[in-house]
Amino acid sequence: MAAPPYGGSTRDSAEDYSAAATVVHFDPPLPLLRAPVPSPAPAEPPVLAFRDAASWRAAWDAAEASLVSQCETGARSGCSITASRKCRPPWWKGLFGAAPTDYQERERCEEQEMAACLEAAKEACIMFAKGKCMTPFRDARIASEGLLENTEFDVWAAGGDKAPATPLAPQNNHHMFSPAPGMTSYKGSDLLDSLSSSKDEKNSAG
């Protein structure tokens, strides 16, 4: 076999063009979060809707969990800086011949300040995530029951240990809401309002 025109051996050339050297592997595509369904308004283009109330709720939980995680990651950096500033000795202390800095005491101070700061940040991050997710998921559309049973799409995994996004978020009772006949989809707010009404009726009956 003739040597490659650009120099080098034939063996080196074969290795350069092998599948291992030339094939680029891509991550598998993400599963669909929503699918198109006919618009509830006539002559309007299709709208994107969740498969059902369960996938809508799972997406809400996952979005909140992601926002809380990102918020807490940023808060750790801020709390670290705050704790260091609060616990360092004042600049003028060294001017009067004071005793050397007690680094063990400073470490304990920083740990206490860090813990208090992170606890406050955790509550703030949860409220921030709830505020950011409430409006988009109330406005999101959910396909009417059975409309998307034959489509193959999944929602991305929700946070397993996370509390529900809202006390009215549907769990096993998400089928209690029935949209008007002929409706292809309904808003998340319709489902939440229905759950809220059912809860009020139960409280009144009790």
Side-chain angles (χ1 to χ4, degrees), residues 27-76 78 118-206:
D27 294 331
L30 293 175
L32 268 174
L33 182 61
R34 296 179 294 171
V37 298
S39 172
E44 291 291 331
V47 296
L48 292 175
F50 290 98
R51 180 201 299 270
D52 50 31
S55 62
W56 167 82
R57 186 272 178 96
W60 190 340
D61 282 350
E64 270 198 20
S66 178
L67 283 174
V68 169
S69 176
Q70 294 176 42
C71 178
E72 289 181 344
T73 298
R76 287 190 191 95
L118 288 176
E119 185 63 28
K122 182 178 181 180
E123 294 300 321
C125 286
I126 291 174
M127 295 304 298
F128 168 78
K130 287 183 182 296
K132 286 292 183 181
C133 292
M134 176 62 77
T135 299
F137 280 93
R138 282 185 64 89
D139 292 341
R141 303 203 72 87
I142 304 168
S144 297
E145 188 173 355
L147 187 65
L148 294 175
E149 283 182 351
N150 297 321
T151 61
E152 294 185 3
F153 79 105
D154 259 324
V155 67
W156 30 287
D161 300 331
K162 195 177 171 303
T166 169
L168 298 179
Q171 298 184 37
N172 295 328
N173 57 350
H174 61 266
H175 292 297
M176 67 167 56
F177 177 74
S178 298
M183 290 290 290
T184 57
S185 63
Y186 55 94
K187 286 188 174 183
S189 56
D190 297 330
L191 178 58
L192 291 176
D193 293 342
S194 174
L195 290 169
S196 179
S197 300
S198 299
K199 184 178 179 181
D200 292 341
E201 289 176 3
K202 287 182 180 179
N203 291 338
S204 300

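- We find the CZ-CG distance between R57 and D61 to be 4.5 Å, quoted to the nearest 0.5 Å.
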For this session: Go through F128 and V68 one step at a time and tell me if the side chain to side chain contact (heavy atoms under 4.5 Å, CB included) criterion holds.
Result: CA-CA 8 Å; F128 168 78; V68 169; over 6 Å; no
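- Using a 4.5 Å cut-off on side-chain heavy atoms (C-beta onward), S185 and P40 make contact.
- Note: L192 CG to F137 CZ = 11.5 Å, rounded to the nearest 0.5 Å.
- A side-chain donor-acceptor contact under 3.5 Å links S55 to the backbone of D52.
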Exercise. Given the rule in the side chain to side chain contact (heavy atoms under 4.5 Å, CB included) test, do L118 and R76 qualify, once you have shown the distances and angles that lead to the verdict?
Worked result: CA-CA 7 Å; L118 288 176; R76 287 190 191 95; 3.8 Å; yes
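- With contacts defined as side-chain heavy-atom distances shorter than 4.5 Å, the pair M134/W60 qualifies.
- Qualifying side chain to side chain donor-acceptor pair (under 3.5 Å) partners for E119, counting only residues two or more places apart in sequence or in other chains: none.
- I142 and G188 make their closest contact through CD1-CA, 4.1 Å (heavy atoms, listed as atom of the first residue, atom of the second, distance).
- For A129 against L67, the heavy-atom pair with the smallest separation is CB-CB, 3.9 Å.
- Under the 3.5 Å distance criterion, the side-chain polar atoms of D193 are left unmatched by any main-chain donor or acceptor of D190.
- Side-chain atoms of R138 and S189 form no donor-acceptor pair, as typed in the model, at a separation below 3.5 Å.
- Minimum heavy-atom separation, P36 to L48: N-CD2, 3.8 Å.
- In this structure, L33 and F50 have side chains that are in contact, with non-hydrogen atoms separated by less than 4.5 Å.
- Smallest separation of non-hydrogen atoms from A143 and Y186: O-CE2, 3.9 Å.
- Within the 4.5 Å cutoff, the side chain of S39 has no heavy atoms near those of the T184 side chain.
- Using a 4.5 Å heavy-atom cutoff, the side chains of T73 and Q70 are not in contact.
- To the nearest 0.5 Å, the span separating CD on E64 from CD1 on I126 amounts to 9.0 Å.
- For A75, the side-chain contact (heavy atoms from CB on, under 4.5 Å) partners are A121, not counting sequence neighbours.
- In this view, T135 and D139 satisfy the side-chain contact (heavy atoms from CB on, under 4.5 Å) rule, not counting sequence neighbours.
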